[in-house]
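Please read the structure below before turning to the comments.
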Amino acid sequence: MKNRNIISLTAILFWMAACTPYASPNRNTWRHYLNGASFTDMTEMARVAKRPVFLGAGGKLVNDATKTSNKLDYGDKNTNDNIIATQYMANLEFELYDALRKPGISVQRAGTDVVVILVRDAIMKLDVADISATGDDTLGIISKLLKQYDATFIEIAGYTDAMRDKNAAQALSMDMAQRVGVYFAQHGINTTRMFITGRGAARPIAGQDNIGRLTNRRVELRIAPAR
């Protein structure tokens, strides 16, 4: 009887936790969650510099993450490495595309990288700067795939629409990027994989009409193979 009560209580607590809406932790704790992340653009040079830290924190390269049966034992090594990385990222692209068929979300390829565009209103509350219930579901799906395809670096870049105050635009875009980074860290993503940046109103992908402004407020995830 006692064991049944314990099992029932555990089930209730699990159910309550599952039903509790996600909320970003206090901003004062973000530094703790994002320890190990780099607050810069994910350039090739930045990835090379980060690689020893990433590997030291348990990270692995694409070649190590790929099944031996998929590796090539003939031809030029650099060519083979590119083929392996391309296939690995193509598989990730397919799984992301298949799992994220939602309004305001797109999955694209850029060379060997995969880019996921998350319009702000698709992942955040309309009137509060925090992750929405829909965003929780979406970022949860992405987190699971990022854990599965863990031989990758991730750039999390926030963007706003055109604003008169460039400092405010910069702050808002960084806020969005960091919130997503904190979410990923809370859901088991190795922070040494992360590059976090806020780009303000730079690089608009739509016009400045009402619909375009909503589209330009976004978070972009650029996922690159770790090599």
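- For the atom pair CD of Q178 and CZ of R31, the computed distance is 9.0 Å after rounding to the nearest 0.5 Å.
- Looking only at distances, no side-chain donor or acceptor of E93 sits under 3.5 Å from a matching main-chain atom of V107.
- At least one side-chain heavy atom of Q186 sits under 4.5 Å from a side-chain heavy atom of P25.
- The two atoms that bring A49 and P52 nearest to each other are O-CD, 3.4 Å, heavy atoms only.
- For the pair Y183/S24, no side-chain contact is recorded, criterion being any heavy-atom separation below 4.5 Å from C-beta on.
- Contact of the L146 side chain with the H187 side chain is not registered, since no non-hydrogen atoms from C-beta on lie closer than 4.5 Å.
- Connection of I196 to I131 is established within a shared hydrophobic cluster, with ILVMFWY side chains joined at heavy-atom distances below 4.5 Å, either directly or through further cluster members.
- Taking OG1 from T152 and NZ from K60, the interatomic distance works out to 10.5 Å, rounded to the nearest 0.5 Å.
- Judged purely by distance below 3.5 Å, without hydrogens or angles, the side chains of Y159 and R199 pair a donor atom with an acceptor atom.
- Counting non-hydrogen atoms of other residues, nucleotides and ligands closer than 6.0 Å to CZ of F94 gives a total of 12 or fewer.
- Criterion: ILVMFWY side-chain heavy atoms under 4.5 Å apart, direct or through other members. Under it, M194 and L118 are part of a common hydrophobic cluster.
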List the steps, then state whether side chain to side chain contact (heavy atoms under 4.5 Å, CB included) holds for R47 with F195.
CA-CA 9 Å; R47 289 201 300 268; F195 295 81; 4.3 Å; yes

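- Connection of Y88 to V116 is established within a shared hydrophobic cluster, with ILVMFWY side chains joined at heavy-atom distances below 4.5 Å, either directly or through further cluster members.
- The two residues L139 and F184 have their closest heavy-atom pair at O-CE2, 3.9 Å.
- Taking CG of D136 as the reference point, atom CD1 of I123 lies at 11.0 Å (rounded to 0.5 Å).
- Separating the CD1 atom in I154 from the CD1 atom in I189 is a distance of 5.5 Å, to the nearest 0.5 Å.
- Using a 4.5 Å cut-off on side-chain heavy atoms (C-beta onward), T192 and S38 make no contact.
- Nearest approach of V62 to I84, heavy atoms of both residues: CG1-CG2, 3.8 Å.
- Residues A99 and L145 come closest through the heavy atom pair CB-CD1, 4.4 Å.
- Between D113 and E155 the shortest side-chain heavy-atom distance does not fall below 4.5 Å.
- The shortest distance between side-chain heavy atoms of R218 and R203 falls below 4.5 Å.
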Check the pair R227 / T112 against side chain to side chain contact (heavy atoms under 4.5 Å, CB included), numbers first and verdict last.
CA-CA 11 Å; R227 294 192 277 184; T112 55; 4.0 Å; yes

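- Pairs passing the side chain to side chain donor-acceptor pair (under 3.5 Å) check and including a residue from residues 117-128, sequence neighbours excluded, do not occur.
- No single ILVMFWY cluster, assembled from side-chain heavy atoms under 4.5 Å apart, contains both M42 and M89.
- Residues G104 and A122 approach most closely at O-CB, 4.0 Å, considering heavy atoms.
- In this structure, CG in D161 is found 10.0 Å from OG1 in T215, a value given to the nearest 0.5 Å.
- No side-chain N or O of D41 forms a donor-acceptor pair with one of T43 less than 3.5 Å apart.
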From CA spacing to verdict: side chain to side chain contact (heavy atoms under 4.5 Å, CB included), L61, R51
CA-CA 9 Å; L61 305 181; R51 188 166 64 178; 3.8 Å; yes

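- Between I141 and K102, the shortest heavy-atom distance links the atoms CD1-NZ, 4.1 Å.
- Residues D175 and W30 form a side-chain contact, since some pair of their non-hydrogen atoms from C-beta on lies under 4.5 Å apart.
- Electrostatic pairing of D150 and R193 does not count as a salt bridge here, judged by no charged N lying under 4.0 Å from a carboxylate O.
- No donor-acceptor contact under 3.5 angstrom links the side chains of Y22 and D130, judged on distance only.
- Remark: I223 CD1 to F153 CZ distance equals 13.0 Å, nearest 0.5 Å.
- Note on R222 versus E220: no salt bridge recorded, every NZ/NE/NH1/NH2 to OD/OE distance being 4.0 Å or above.
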Go through the steps for M124 and R217 under the test side chain to side chain contact (heavy atoms under 4.5 Å, CB included), then give the verdict.
CA-CA 11 Å; M124 294 191 178; R217 301 170 194 165; over 6 Å; no

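- Cluster membership for V115 and I105, using ILVMFWY side-chain heavy atoms within less than 4.5 angstrom, is not shared.
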